[in-house]
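All heavy atoms count here, side chains included; hydrogens, waters and symmetry mates do not. Source: prediction; values computed, not measured. Below, chains carry the letters A, B, ... as their sequence lines are ordered, and counting in each starts from 1.
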Amino acid sequence: MEKKYNPKSFEDRLYREWEESGCFKAVRDDNKVPFTIVMPPPNITGQLHMGHAMDETLQDTIIRFKRMQGYCALWLPGTDHASIATEVKIVEEMKREGLTKEQLGRDGFLKRAWAWKEKYAGRICDQLKKLGSSCDWSRLTFTMDEKCSRAVREVFVNLYNKNLIYRGSRIINWCPQCKTTLSDVEVEYAEEAGNLWHIKYFVEGAQRALVVATTRPETMFGDTAVAVNPNDKRYKDLIGKNVILPVVNKSIPIVGDEHADMEFGTGVVKITPAHDPNDFEVGQRHNLPAVRVMNDDGTMNACAGKYEGLDRYECRKRLLKELEEDGYLVKTEPHTHNVGHCYRCRATVEPIVSKQWFVKMEDLARPAIDAVMNKKVTFIPERFAKTYYNWMENVKDWCISRQLWWGHRIPVWYCADCGAEICKKSDPDVCPVCGGRHLKQDEDVLDTWFSSALWPFSTLGYPDDTSDLEYFYPTDVLVTGYDIIFFWVSRMIFSGLEHMRKVPFRDVLMHGLVRDEKGRKMSKSLGNGVDPLEVIDKYGADSLRFSLLQGVAPGNDTRYSDAKVEACANFMNKIWNASRFVITNAEGRTVKPLGEIKLCAADKWIISKLQAVIRDVTLALNKYELGVACQMLYDFTWSDFCDWYIELSKPALYGADEGKKDAAISVLTFVLENILKLLHPFIPFITDEIYRSVPGTDGTVMLKDYPRYNSKLAYKKDAAAFEGIKDIITAVRAAKTELGCAPSKKVSLYMVTESKRLISANQDSILKLAGAKDITFISEASEAGEKAVAKVLPVGTVYIPMGELVDLGKERERLEGELETVMSEIRRADGKLNNTGFMMKAPKKLVDEERAKLDKYIAMREKILEQLKNL
RNA sequence: GGGAGCUUAGCUCAGUUGGGAGAGCAACUGCCCUACAAGCAGUGGGUCACAGGUUCGAGCCCUGUAGCUCCCACCA
């Protein structure tokens with residue numbers, strides 16, 4: 001082993017070895033139970049960020065754990081074509097070259113897009129490898145691969161045939177910059193300061209005027225009515241009459257509709273069915289025409305008259321000026337309101353009536369809700385089920401058509417001869433209705449999330465009845481961020497149920513966002529993102545992984561900090577050095593199985609601790625409590641193994657007794673090997689690198705069995721007794737520090753104790769670790785001399801003669817302090833034991849423990865009192 | 001308007017069937033002792049936001065209050 005921990009010297013090499021040896025490959029094995037994770041496919045446009053790093057680390061840890069536990073573990077990787085995000089990027093790139101989509105044409109553009117994909121899809125995969133991701137690369141899938149495209153077609157056609165996909169004119173969200181529709185979840189709302197403009201509309205044939213309030217005056221060209229509340233006494237008599245739309249001088253009706261809120265504004269609302277979801281509904285109720293006033297790029301169309309061709313905001317500005325000059329504008333009131341923005345380009349989204357394709361959600365939502373209610377799918381933590389219900393129960397139809405080129409094209413053709421609409425799995429040559437040959441495919445592509453929704457089964461071979469699908473589906477756990485529940489998780493659930501008749505996964509492990517040091521979201525605009533690859537370069541992948549898992553609870557956001565990674569790097573260093581200690585000391589010695597050696601108290605103690613850790617870590621991992629598991633392993637490795645056990649082993653290791661040496665090195669090796677296995681899922685590189693040097697091991701640790709709790713190795717009594725030895729050592733160390741005695745000065749110890757055998761057996765350890773030269777058993781305090789400090793412990797009293805360093809006054813003070821501590825413990829235990837409620841209702845085990853504590857403290861109290869008396 | 005989360009040591013956060021408050025970092029003291037100074041030993045530091053309630057027992061369960069954060073819906 002190299003003297004220094006240097007992750008760069010082995011991480012890439014190990015990854016190559018793992019990959020080449022086929023360790024990550026999952027092949028159906030009917031003697032094993034499958035455990036499947038499908039990776040949330042990163043966008044091909046993307047670069048690895050901290051969010052990915054967290055997501056991938058969680059998945060890798062789980063899959064490595066399951067693999068070691070003997071499952072047929074499949075972690076299926078892939079990438080997403082990310083229709084809109086990718087198209088936006090390519091268009092930007094083209095713009096720099098002075099090119100437009102139109103210039104290239106659809107085919108030319110797609111050619112370029114595929115070239116882009118070839119160039120960048122590999123990048124994110126390489127980055128995942130740097131992290132140590134043990135996914136089965138032979139199954140790498142791209143959402144626009146042939147198999148996914150087949151699945152998309154199959155699903156589309158099936159839903160179409162069931163009338164669950166339909167085409168219709170609805171209000172949709174339009175991004176004027178991306179020039180495409182967006183689904184409801186792709187719109188992000190933000191409060192914006194704006195105005196509420198009060199505009200006068202004259203009533204036809206009367207001297208009255210109604211004043212409407214609007215935040216988007218430019219849409220007035222599309223007004224086809226004004227509405228008042230039918231119960232509103234102010235305007236009731238006007239219902240059925242008309243108003244004259246200013247500027248355009250068009251006559252539009254006054255309708256009575258509950259939508260008009262009497263309390264808001266003037267109580268009169270202009271109705272623009274083509275540009276507002278509520279108005280659209282009002283329009284439906286009153287048979288109003290929907291008049292679109294905007295073009296796809298957010299400029300005004302011919303309906304705006306002289307404003308035609310102007311951008312919507314420029315039009316607003318000039319129109320307001322005109323209205324003001326003509327006396328129509330009666331009031332401008334500041335008003336903050338929620339404005340929708342495109343989640344890709346941030347442009348303000350326009351609600352527009354448009355003919356689009358929709359998935360009818362009502363029938364799909366119900367079973368998806370039930371599946372979670374019935375625990376076929378479990379959210380971890382549970383609270384996210386509520387978020388899910390809330391959305392599912394109120395979900396509206398899903399607009400799936402996008403006016404883009406990069407994506408799955410909608411498998412619908414229109415016959416120019418007879419007007420038929422044909423939806424088919426395979427491209428039709430002739431019209432099945434009229435036999436005509438003039439078929440034209442729908443120009444639009446599908447929402448990216450339409451193919452993502454099929455991911456858990458499209459990747460496994462759907463629509464074919466593959467052996468993989470039968471074996472690996474439903475998958476076991478989906479690991480993803482809570483920000484993606486609506487986009488993806490919910491859609492996978494209803495899609496799985498609809499097309500596979502089974503939920504896509506049993507558990508959904510949610511994690512939060514990785515924020516920056518100050519708790520802010522990492523973002524490009526803030527420039528506060530931390531590049532995981534740079535962190536890996538500096539500290540190694542294991543340190544980054546551990547820092548992302550340690551102290552993290554499911555569903556909670558976490559902060560990234562260099563300090564945290566540094567602390568983890570120190571842990572790696574610790575593991576490295578401890579291993580080096582064990583391995584170098586094992587050179588030339590025989591490492592024996594535990595059964596063949598005589599275990600000393602310290603051995604039994606550490607082995608016992610190890611069993612508890614194995615049990616608890618496994619339990620925690622099965623509950624996806626990775627943060628808790630990390631903490632337990634950290635503490636065990638650093639405190640118990642390194643700080644205590646390695647130190648305890650030194651007397652034997654450096655002594656002359658060959659048998660003891662062999663025993664010590666055997667236990668050290670045994671525990672180290674287990675630590676490496678236990679830690680491997682979290683920090684795969686360092687553990688495997690070390691494992692290969694551990695005597696008696698062969699091959700990679702990633703295919704070894706995960707340690708199992710062995711009750712025969714629990715040694716509960718011996719382990720408990722050994723705590724007495726640790727107490728003695730700690731007490732002597734503390735006493736030395738307290739009195740300012742140099743740690744290197746060897747002191748003599750005198751003990752009054754009933755555990756002479758235990759202490760004698762561990763004398764070497766005590767002397768070495770406490771920095772003492774001898775132990776003498778005595779029967780009373782005076783034998784230790786006058787200038788001795790007394791440490792009263794459960795195992796007995798230790799007297800440490802310190803000569804001139806002892807200040808009797810301070811010693812009295814200290815003992816009185818300890819007495820007070822012990823007394824308060826006695827009061828606490830006594831109180832409990834005298835509480836009839838506690839005695840009657842508390843579990844017996846607890847009562848017994850409490851009684852034992854009381855006895856222990858009473859004994860200590862007597863000893864301290866005696867000590868004080870002697871001072 | 002609806003919903004969720006958070007509030008624990010100076011800082012960042014764990015604490016999952018309710019049974020003596022923890023870690024890392026920071027601070028203080030002392031140590032290079034043949035794995036590790038990226039280290040070791042020791043020490044200090046918390047009315048677990050607040051107020052009630054349930055219970056023999058509450059950081060944990062229930063109700064309410066306050067502050068912060070997030071999500072959804074809607075606001076012409």
Distance check needed: B:G2 P versus A:Asn390 CG, whole Å only. 13 Å
Expressed as a whole number of angstroms, how long is the span from A:Tyr482:OH to B:C71:C1'? 9 Å
Any strand is fair game: report the nucleotide pairing with [N] by Watson-Crick or G-U wobble, both distances under 3.5 Å, or none.
{"N": "B:A35", "answer": "none"}
{"N": "B:G22", "answer": "B:C13"}
{"N": "B:A49", "answer": "B:U65"}

Kindly point out which of [options] is positioned nearest to the side chain of [X]?
{"X": "A:Lys564", "options": "B:C40, B:U12, B:A23", "value": "B:U12"}
{"X": "A:Lys386", "options": "B:G3, B:C56, B:C40", "value": "B:G3"}
{"X": "A:Leu846", "options": "B:U34, B:G19, B:C72", "value": "B:G19"}
{"X": "A:Asn556", "options": "B:G24, B:C75, B:A14", "value": "B:A14"}
{"X": "A:Cys642", "options": "B:A38, B:A35, B:U16", "value": "B:A35"}
{"X": "A:Ala578", "options": "B:A35, B:A38, B:C56", "value": "B:A35"}
{"X": "A:Thr737", "options": "B:G42, B:A35, B:G19", "value": "B:G42"}
{"X": "A:Ala553", "options": "B:G42, B:A14, B:C36", "value": "B:A14"}
{"X": "A:Lys4", "options": "B:A38, B:C56, B:G24", "value": "B:A38"}

With the threshold set at 4.0 Å, does a side-chain nitrogen-carboxylate oxygen contact exist between A:Arg814 and A:Glu818? yes
Would you mind classifying the nucleic acid contact of A:Trp638 as base, sugar-phosphate or nothing, using non-hydrogen atoms under 4.0 angstrom? sugar-phosphate
Is the cationic atom of A:Lys331 (NZ for Lys, CZ for Arg) positioned less than 6.0 Å from the six-membered ring centroid of A:Trp197 and within 45 degrees of its normal? no
So, is the end of the A:Lys768 side chain (NZ or CZ) under 6.0 Å from the ring centre of A:Tyr654 and within 45° of the ring's axis? no
Minimum-distance pair of heavy atoms, taken over all atoms of A:Ala770 and A:Arg733: CA-CG, 4.5 Å
Measure across A:Met1 and A:Ser579 and return the closest heavy-atom pair with its distance rounded to 0.1 Å. CE-CB, 4.1 Å
I'd like to know if A:Glu382 reaches the base of B:A4 with its side chain such that a donor and an acceptor end up less than 3.5 angstrom apart. no
Has A:Phe581 got its ring stacked on B:C36, by the test of a centre gap below 5.5 Å and a plane angle below 30°? no
